[in-house]
Amino acid sequence: MRMGGLEALPDTAEQKVADADVELITRMLREWNSGDVEALLEVFDPEVEVRPALRAFLASMVYRGHDGVRSWYAETNEPWAELQAEPQRFIDAGERTVVVISLHARVPGGRVDVGAEIAHVVTIRDGRVVRLEGYDDADAALAAVGLAQ
C-alpha cells in the first residue's frame with residue numbers, strides 16, 4: 001500500500017509507538033490547530049529545538065525554547081486564513097516517533113484550498129517534546145531515522 005509516496009511499513013512498527021507519545025503528539029497538533037499557543041507550549045520542553053518542515057517559507061531554520069515555538073507558530077500561520085494539521089500515521093523509530101501529517105490550508109480572502117503531507121520526527125522526554133525535526137515528505141523522515149524503504 002502506498003500513501004503519499006510512502007510505502008506501508010509492517011504493522012508492528014506503527015503499533016509499537018507508546019500510547020503516551022501518541023497522545024502527546026496528538027495533543028500538540030490539536031493545540032496547534034486551536035490556536036491556543038499557551039496550551040501548545042505546555043507540550044514542549046522549555047529547551048526544545050524545532051527544525052520545521054517547509055523551511056523555505058520560514059524566517060529561521062531552527063527555533064529554540066518556548067519563544068522559538070511562538071515564533072515558529074506565528075510565522076507558519078501568518079500567510080494562511082486557516083491551517084490545520086492532522087496526524088495520519090505514527091511510526092516507532094526507537095527513542096523517536098515519526099508522525100506523518102496531512103496539512104490543509106486556506107488562503108485569506110479566497111476559496112483556494114491547499115493540501116500537503118509532511119512528517120515530523122519527534123523526541124519526547126519526561127512527557128514533553130524536546131526535539132521536533134520536520135520533513136517535507138514522509139520518506140525523508142523515515143530515512144533520517146534509518147527506516148528508509
Could you tell me which non-hydrogen atom of Pro108 sits nearest to which non-hydrogen atom of Ala81, and how far apart they are?
CA-CB, 3.6 Å
Check whether Asn33 reaches the backbone of Leu29 with its side chain - one donor and one acceptor, N or O, closer than 3.5 Å.
yes
Among residues at least two apart in sequence or on other chains, which ones pass side-chain contact (heavy atoms from CB on, under 4.5 Å) with Pro79?
none
Just checking, is any N or O donor in the side chain of Tyr63 or Glu75 under 3.5 Å from an acceptor N or O on the other one?
yes
Evaluate the side chain to side chain contact (heavy atoms under 4.5 Å, CB included) criterion for residues Trp80 and Arg106: first the C-alpha distance (whole Å), next the side-chain angles of each, then the deciding distance (0.1 Å), finally the verdict.
CA-CA 6 Å; Trp80 305 106; Arg106 179 168 290 124; over 6 Å; no
Closest heavy-atom pair, Asp92 versus Leu147, reported as atoms and distance to 0.1 Å, is O-CD1, 3.4 Å
Has the side chain of Asp136 got a donor or acceptor atom that lies under 3.5 Å from a matching backbone atom of Ala53?
no
I'd like to check the salt bridge (Lys or Arg N to Asp or Glu O under 4.0 Å) partners of Arg70; sequence neighbours left out, ordered by chain and number.
Glu38, Asp67
Between CG of Leu132 and OG1 of Thr123, what distance do you get to the nearest 0.5 Å?
8.5 Å
Between Glu42 and Arg128, does any NZ, NE, NH1 or NH2 come within less than 4.0 Å of an OD or OE carboxylate oxygen?
no
With the threshold set at 4.0 Å, does a side-chain nitrogen-carboxylate oxygen contact exist between Arg51 and Glu133?
no
Evaluate the criterion side chain to side chain contact (heavy atoms under 4.5 Å, CB included) for residue pair Gln88 and Ser102; output intermediate values, then yes/no.
CA-CA 7 Å; Gln88 300 300 307; Ser102 177; 3.5 Å; yes
Heavy-atom closest contact (Arg96 atom, Ala144 atom, distance):
NH2-O, 4.1 Å
Say you draw a straight line from CE of Met28 to CD1 of Ile124; how long is it, rounded to the nearest 0.5 Å?
8.0 Å
When you look at Leu24 and Val43, which way does the side chain to side chain contact (heavy atoms under 4.5 Å, CB included) test go after all the steps?
CA-CA 7 Å; Leu24 185 68; Val43 174; 3.8 Å; yes
Treat each ILVMFWY residue as a node, draw an edge where side-chain heavy atoms are under 4.5 Å apart, and state whether Phe90 and Leu103 are in one component.
yes
Evaluate the criterion side chain to side chain contact (heavy atoms under 4.5 Å, CB included) for residue pair Val69 and Val50; output intermediate values, then yes/no.
CA-CA 7 Å; Val69 171; Val50 175; 4.3 Å; yes
Considering non-hydrogen atoms only, spot the tightest contact between Val17 and Ile91 and give its length.
CG2-C, 3.5 Å
Tell me if a side-chain donor or acceptor on His66 pairs with a main-chain N or O of Phe44 at a distance below 3.5 Å.
yes
Separation between OG1 of Thr97 and CZ of Arg89, rounded to the nearest 0.5 Å:
13.5 Å
Tell me if a side-chain donor or acceptor on Ser34 pairs with a main-chain N or O of Glu31 at a distance below 3.5 Å.
yes
Rounded to the nearest 0.5 Å, what's the gap from CZ on Arg30 to CG on Asp36? Could you check?
11.0 Å
Does one hydrophobic cluster hold both Val99 and Val130, with members joined at side-chain heavy-atom distances below 4.5 Å?
no
Arg131: which of Glu49, Glu95, Glu47 passes salt bridge (Lys or Arg N to Asp or Glu O under 4.0 Å):
Glu49
Check the orientation of Trp72 and Trp32. Use parallel for under 30°, tilted for 30 to 60°, and perpendicular for over 60°.
tilted
So if you build clusters from Ile, Leu, Val, Met, Phe, Trp, Tyr with side-chain heavy-atom gaps below 4.5 Å, do Val62 and Ile118 land together?
no
